[in-house]
Number of protein chains: 2
Amino acid sequence: MSVSRPGSSLNEIATLLGVSSATVSNALAGKGRVSAELADKIRATAASLGYTPSMTGRALRTGRTQVLGLVLPNIANPLFPQIAQAIEQAASKAGYGVLIADSHGDIAAQTAAINRLIERSVDGIVVVPRRGTRVADIGRPVAVIDSPSTPGNTVSADHWQGGQAVVDHLAELGHRSFLLIGNNPDSNVQNDRIGGMKSRLPANGRAEVLWIENHEKNKGKGAPLGLKDKVAEGFTAFCAVSDLHALRALTELQGAGIAVPEQVSVTGFDDLVFSSVITPSLTTVRMDMGTIAEIAIAALSRAIETETKALPEQLRTTSGTLVTAEQKSVPMALVVRQTSGRRALTPQKMDLLPEGEHR
Amino acid sequence: MSVSRPGSSLNEIATLLGVSSATVSNALAGKGRVSAELADKIRATAASLGYTPSMTGRALRTGRTQVLGLVLPNIANPLFPQIAQAIEQAASKAGYGVLIADSHGDIAAQTAAINRLIERSVDGIVVVPRRGTRVADIGRPVAVIDSPSTPGNTVSADHWQGGQAVVDHLAELGHRSFLLIGNNPDSNVQNDRIGGMKSRLPANGRAEVLWIENHEKNKGKGAPLGLKDKVAEGFTAFCAVSDLHALRALTELQGAGIAVPEQVSVTGFDDLVFSSVITPSLTTVRMDMGTIAEIAIAALSRAIETETKALPEQLRTTSGTLVTAEQKSVPMALVVRQTSGRRALTPQKMDLLPEGEHR
DNA sequence: CCAGATTGCTTAATCGATTAATCAACAAGG
DNA sequence: CCTTGTTGATTAATCGATTAAGCAATCTGG
């Protein structure tokens with residue numbers, strides 16, 4: 001396998017074979033009219049020279065850079081690796097490179113990040129928007145991955161259904177009192193997950209939502225969530241909208257001497273990297289980022305193609321923005337591990353038992 | 001703030017003002033000889049048109065794309081967000097975009113990923129190599145971020161010193177028996193961390209290394225690490241080379257009814273996102289990725305500049321590869337949280353006490 | 001008052017690939 | 001035999017910015 005030599009262009013091959021560069025271009029692209037034998041010869045020498053077309057030259061002529069931008073609300077997000085990996089893979093398969101841009105949390109920076117990408121003339125952009133953000137209209141196709149209930153969403157996991165799966169699973173195990181743990185009520189994703197969970201409460205069930213951000217605004221950042229009290233109130237199922245919060249809940253419960261899953265159950269979302277290695281391992285819901293990414297990239301590249309095709313000097317609309325896919329939501333999969341178990345017989349009195357009864 | 005209009009080029013500004021495009025280019029670049037008033041007028045109309053230079057056109061002419069590649073061993077790595085964020089920020093500040101490439105774990109894919117970046121003609125590459133990998137010689141500047149003891153390393157955290165800080169801290173708290181938990185003995189980073197820890201064992205101290213990969217090869221993936229037995233053997237300090245393993249150890253210990261930090265201490269590395277939210281929060285060592293990234297990018301852009309300057313038809317060396325920085329290792333900072341505490345008075349007998357004594 | 005320097009701008013080539021337009025050669029049909 | 005069609009290639013323009021070279025006009029010094 002020869003490394004791409006910078007010293008080979010269409011022209012070089014052309015002069016070497018005594019033909020014009022146009023013919024070489026046609027031969028390699030399989031377009032135009034080139035005799036079969038010459039085409040063969042051209043391909044052979046191109047291969048022997050380790051010729052790699054210059055993306056730059058091509059981009060200048062065609063107006064397509066074959067690069068997509070990926071804008072994330074916060075690269076430090078623990079979910080980011082999954083997203084980036086899936087997008088990179090899907091994009092790569094579709095012939096695109098991926099340029100990353102961190103919107104760094106705040107909204108102005110998100111716009112700035114998008115503009116930087118546009119200046120680098122990306123062909124399209126994948127945005128995982130910061131909660132509550134609307135993506136401004138830019139002159140390029142944009143795929144949004146957020147939640148089905150976000151206006152303009154292209155494709156995403158079916159968070160609502162994921163929430164349903166969690167509560168169905170726990171109800172089956174006998175649980176009736178659910179403490180739903182979210183971080184921020186402005187997030188569409190979190191609201192969907194919580195909404196889905198609420199929608200499947202069993203007949204005699206009850207649910208309460210604990211928003212961590214509100215809680216910390218009162219009690220201070222990093223303050224205990226007071227879950228021991230919640231257990232005393234009879235809650236036996238602690239369902240977080242993220243594995244991160246689930247882990248927080250789990251360790252707080254364990255620290256308070258409450259046994260998981262013997263006394264109470266804990267569930268999360270997203271199957272973050274640590275979820276399978278902790279003890280007890282975390283029951284969670286995983287999204288199929290591979291499929292989501294592929295749908296997003298497919299929708300995007302379709303839009304890019306039709307855009308460039310429909311632009312022979314026509315109306316210069318700030319064309320195609322929010323891209324849509326046929327399948328707008330991808331089911332989530334419940335991953336049952338060790339933190340979810342059958343409801344204890346007398347959950348209400350459990351906290352009165354001596355500590356350390358677990359295991 | 002006007003969004004970049006695709007409909008404005010140097011030529012457009014030129015014809016609009018009745019001058020040549022060369023003059024416009026010179027005026028905006030501050031090069032050549034342009035009268036002050038004309039330059040002002042040009043800048044003004046450029047601004048009013050929302051002119052953005054075409055990176056593509058410029059790249060074709062100058063041979064510099066202002067894009068760097070970032071190759072990671074595995075995007076799913078929990079440390080990836082920190083790295084990517086820091087690199088993106090430093091690169092962005094230096095005027096570069098960042099193209100990501102997942103080497104997907106295996107070594108062949110790492111080479112393939114690098115080649116894909118080269119085909120996109122990036123100006124340079126930042127590689128966080130897969131353990132034990134040597135980066136092949138490509139025709140572009142490469143900055144390697146791994147460990148000071150890796151040959152060809154450009155810059156990295158001082159993992160050895162980080163390990164020292166951990167053991168110094170725990171020795172101060174009275175600990176003498178250290179169980180060092182690593183994943184894979186082939187990793188230079190992990191070896192440095194463990195080496196640093198061993199180098200600071202107190203006079204009457206002892207240390208044993210538990211390699212998780214070996215352990216799992218025998219006992220099966222996800223098998224308990226048997227830490228309860230280790231506690232019985234008298235170990236009071238459990239020092240992992242990553243927060244992920246520390247979390248695994250912590251939850252296993254807690255599940256076995258061993259109190260942290262009252263009975264034993266646990267430490268990690270890297271200050272992963274969950275480390276501050278768990279109970280008890282994890283004592284760890286953080287690397288200054290911001291500084292590391294800046295040093296790497298600075299070294300890289302220096303190499304890129306001298307490379308293009310020294311290329312006026314000179315020897316076509318497969319020029320400048322492994323880039324070096326002046327400061328090759330950046331100190332790590334100990335973050336003391338709740339999992340590290342003073343050694344219990346009678347640690348050797350602790351396991352004989354009834355469970356649930358903690359808190 | 002004129003050679004030479006300086007200033008201010010234009011011409012034109014270049015980077016590499018793509019593609020519409022053109023052209024020569026030859027074949028087939030009326 | 002002349003017209004039309006087809007094949008296989010070349011020419012040349014184009015994308016947008018950069019930059020060496022060139023050319024007037026103005027200024028400077030002796």
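Chain naming here is simple, since letters A, B, ... match the order of the sequence lines and numbering starts at 1 in each. Since this is a predicted model, take the numbers as computed values, not measurements.
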Tell me: CD of B/Q66 to P of D/dG16, nearest whole Å? 19 Å
Counting distance only, does the side-chain N/O of B/R140 pair as donor-acceptor with the main-chain N or O of B/I118 below 3.5 Å? no
Rounded to the nearest Å, what distance is computed from the CZ atom of residue B/R64 to the P atom of nucleotide C/dT14? 22 Å
Using atom CG of A/L49 as one end and atom P of C/dG16 as the other, report the distance to the nearest whole Å. 14 Å
Separation of D/dG8 C1' from A/E37 CD (nearest whole Å): 11 Å
Where the side chain of A/N153 meets the backbone of A/D146, is there a donor-acceptor pair that is under 3.5 Å apart? yes
Per nearest nucleotide of DNA chain D, the residue lying toward the 5' end, A/G57 or A/S20, is A/S20
Tabulated below should be each protein N or O lying under 3.5 Å from an N or O of nucleotides 19-22 of chain C; please produce it.
| unit_1 | atom_1 | unit_2 | atom_2 | d |
| --- | --- | --- | --- | --- |
| C/dT19 | OP2 | A/K31 | NZ | 3.3 |

Under-4.0 Å side-chain N/O to phosphate OP1/OP2 contact, A/S35 with D/dA9: yes
I need the CG-P distance between A/L28 and C/dG16, as an integer number of Å. 16 Å
From OH of B/Y51 across to P of D/dT18 the rounded distance in Å is 6 Å
With a 3.5 Å distance limit and no angle check, can you tell me whether A/D123 reaches the backbone of A/L68 through a side-chain donor-acceptor pair? no
Can you sort out the partners of B/T154 under side chain to side chain donor-acceptor pair (under 3.5 Å), two or more places apart, ordered by chain and number? none
I'd like to know if the side chain of B/S25 reaches the main chain of B/S21, judged simply by a donor and an acceptor atom lying under 3.5 Å from each other, with no hydrogens or angles considered. no
For B/G57, does its backbone N or O pair with a side-chain atom of B/S54 as donor and acceptor, under 3.5 Å? yes
Who passes salt bridge (Lys or Arg N to Asp or Glu O under 4.0 Å) against A/R58, sequence neighbours left out? none
I'd like to check the salt bridge (Lys or Arg N to Asp or Glu O under 4.0 Å) partners of A/R43; sequence neighbours left out, ordered by chain and number. A/D40
Regarding B/V19, tell me which of base, sugar-phosphate or nothing describes its non-hydrogen contacts under 4.0 Å with the strands shown. sugar-phosphate
Residues 289-302 of chain B side chain polar contacts: donor-acceptor under 3.5 Å, at least two apart:
| unit_1 | atom_1 | unit_2 | atom_2 | d |
| --- | --- | --- | --- | --- |
| B/T291 | OG1 | B/D288 | OD1 | 3.2 |
| B/T291 | OG1 | B/D288 | OD2 | 2.5 |
| B/E294 | OE2 | B/K93 | NZ | 3.0 |
| B/S301 | OG | B/I297 | O | 2.9 |
| B/S301 | OG | B/A298 | O | 3.2 |

Round to a whole Å and report the spacing from CE of A/M55 to C1' of C/dT18. 15 Å
Distances for protein N/O vs nucleotides 24-27 of chain D N/O pairs under 3.5 angstrom?
none

Take the protein atom CG of B/L60 and the nucleotide atom P of C/dT14, then report the distance between them rounded to whole Å. 13 Å
